[in-house]
Amino acid sequence: MFEKLLGYLERNTISFDLRSLGLFRIALGFALIYNLIVYRFPAVGVYYNNNQWLPEASASDYYGKSFPLFNWSDSNLWYYFLLSLMLLLSILFVIGYKTKWITPVLFITFASLITTNPYLSHGVEHLEETALFWAMFLPLNRRFQFFQNQKASFFNFGKLAQLGFQFQLFLIYFSSWIFKNGELWRKGQLLEVVSNDLIHARPLLQQLGTYPELAQSFTYAGFYLEVLVSILLLLSFFFQRARYWSAVSIILLHGIMALFLHVGTFFLIGLAFGVLLLPQSFWSWKVFPDRWRYQNSIGLDILSVRWKNFKRFFILVTMLFILHGNLYHLSKNSYLSPFLSSLPLYKYTIGKQLADPGIFTGFWHQSWKFFPNNIYDDLGDFLFIGYDENKTPFELRTSEKLYMSSTNGSYHIEPLPTASYFGAEFTFGVYYKFYQDRFPVSTQKGWLELQLNKYKQAHPDKIISKAELWKVQRFHTYEGGQLILTDTVFKLVTKNNFDY
């Protein structure tokens, strides 16, 4: 019976087009390259391998021990060597060289990098890790490659690997909306609130937030677009037209997010997922050259008898772990929570969280919970304030003059920061705002020192008499249908007597 079910799925579900798999490989490779260059290399010696203001216990006490590869040595040279190796492998991955052997190495090194400092992973890294995992078992090197195909039969997992990957994509986008059950989502107020977030909101979203009714329309449209994507992903197992619209919807969803929000490399991984789903009919358009249009494009290998049962077992067990992890989270504060938590034996099945192996941090139960439920309470940010020789305050990151006043012990600072982070500092700033209590005071001093050094390099002739790190807390309420923001600023740490 079970064998017949697997056979039916393998015969009747639609295969990934080999041209789409090749394009997916290229898009994923560029996403990795961008991540390494923009987020990882600049973090060496600052957010990585820096126990002075990022002690290991700040991560290991909450996420467990990291996978022992990057932290084998605290040397900058070691980190640069591994990152350079990953960059080289990512370039070879893009051009299709030895893909079957390069992909597992990229998966292991990238997973190790994530666990080395989880506070530099903005969710998208888990999606890239997931994509690399399934990429190990799919024929990514048959199209758009610069080298002849390689024979690596052990890594051929046939159509079941494709079903596993598409199943996980469905869970990712299904969980994208199923957790959005809070009052702000139900009333369509979330984008109006997020438009006032000092870290995430882009100028376009800030403008949209000044028109509450329009922001409400976009909130509902975004929610139902995510619902549509998950439905289309289910239908695309069997229907080519649904697969085409899945691809379009995913790219549209990530593109709109990138216009409105600072969300790292989410657009790049969304683009990779989108092109992966492009069906065979897409490539028949006359705009493409004949050598693309008339290629034999469906050719997932048939599993050899020798390893067939082992490979099937491996993929199915992986899918069960992923399903269990997602069901565990879906039973906690989602639209499905009342139903799932009432099931018999819930406490011993779905309600029991399974531990992640270190290299799979977030993999079994990685849900794309983007602004789930409501948004987090604090929409604030941090201010790095320097004082010139006349004791005039200014923002170290932007050099913008600040106006500070105090009334009955309460401080007021204008203007407040607006999304001025970049690269690894953006990701770290998001986490540090929520988990400041996990870090020692030396982290605050180190972060302030980092901003001072950057300012010194950009303005070597400027004199700084004092520098301070301030935290801005921004909370929101609705009164009579109007959004009310309450800002509180307070000083965290001071460094005096600079002779710059």
Mind checking ring-ring contact (aromatic ring centres under 6.0 Å, His included) for F110 and listing every partner two or more places apart, or none if nothing turns up?
none
Indicate yes or no for a side-chain donor-acceptor contact from [X] to the backbone of [Y] under 3.5 Å, with no hydrogens or angles considered.
| X | Y | result |
| --- | --- | --- |
| E395 | I385 | no |
| S112 | I108 | no |
| T99 | F93 | no |
| S90 | I33 | no |
| N35 | A31 | no |
| R243 | P279 | no |

E425 bridged to R397 by N-O distance under 4.0 Å
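No, E425 and R397 are not salt-bridged.
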When you check the side-chain N and O atoms of [X] and [Y], is any donor under 3.5 Å from an acceptor?
| X | Y | result |
| --- | --- | --- |
| Q207 | R202 | no |
| Y387 | E468 | yes |
| S176 | E226 | yes |
| R438 | Y119 | yes |

Given L198, which partner from the list V472, D378, L379 fulfils the side-chain contact (heavy atoms from CB on, under 4.5 Å) test?
V472
Below 30° counts as parallel, above 60° as perpendicular, anything between as tilted: where do the rings of [X] and [Y] land?
| X | Y | answer |
| --- | --- | --- |
| Y79 | F70 | tilted |
| H254 | Y173 | perpendicular |
| F137 | F133 | perpendicular |
| H200 | F426 | perpendicular |

Tell me the closest heavy-atom pair linking G270 and I251, and the distance in Å.
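Smallest heavy-atom distance, with atoms named: O-CG1, 4.4 Å.
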Any side-chain heavy atom of I91 sitting closer than 4.5 Å to one from Y97?
no
Could you pull out all residues at least two apart from A424 that satisfy side chain to side chain contact (heavy atoms under 4.5 Å, CB included)?
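In terms of side chain to side chain contact (heavy atoms under 4.5 Å, CB included), with neighbours along the sequence ignored, A424 is linked to A43, Y47, L120.
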Under the criterion ring pair (Phe, Tyr, Trp, His ring centres under 6.0 Å), which of Y431, Y432, W447, F434 is the partner of F439?
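Among Y431, Y432, W447, F434, the one meeting ring pair (Phe, Tyr, Trp, His ring centres under 6.0 Å) with F439 is Y432.
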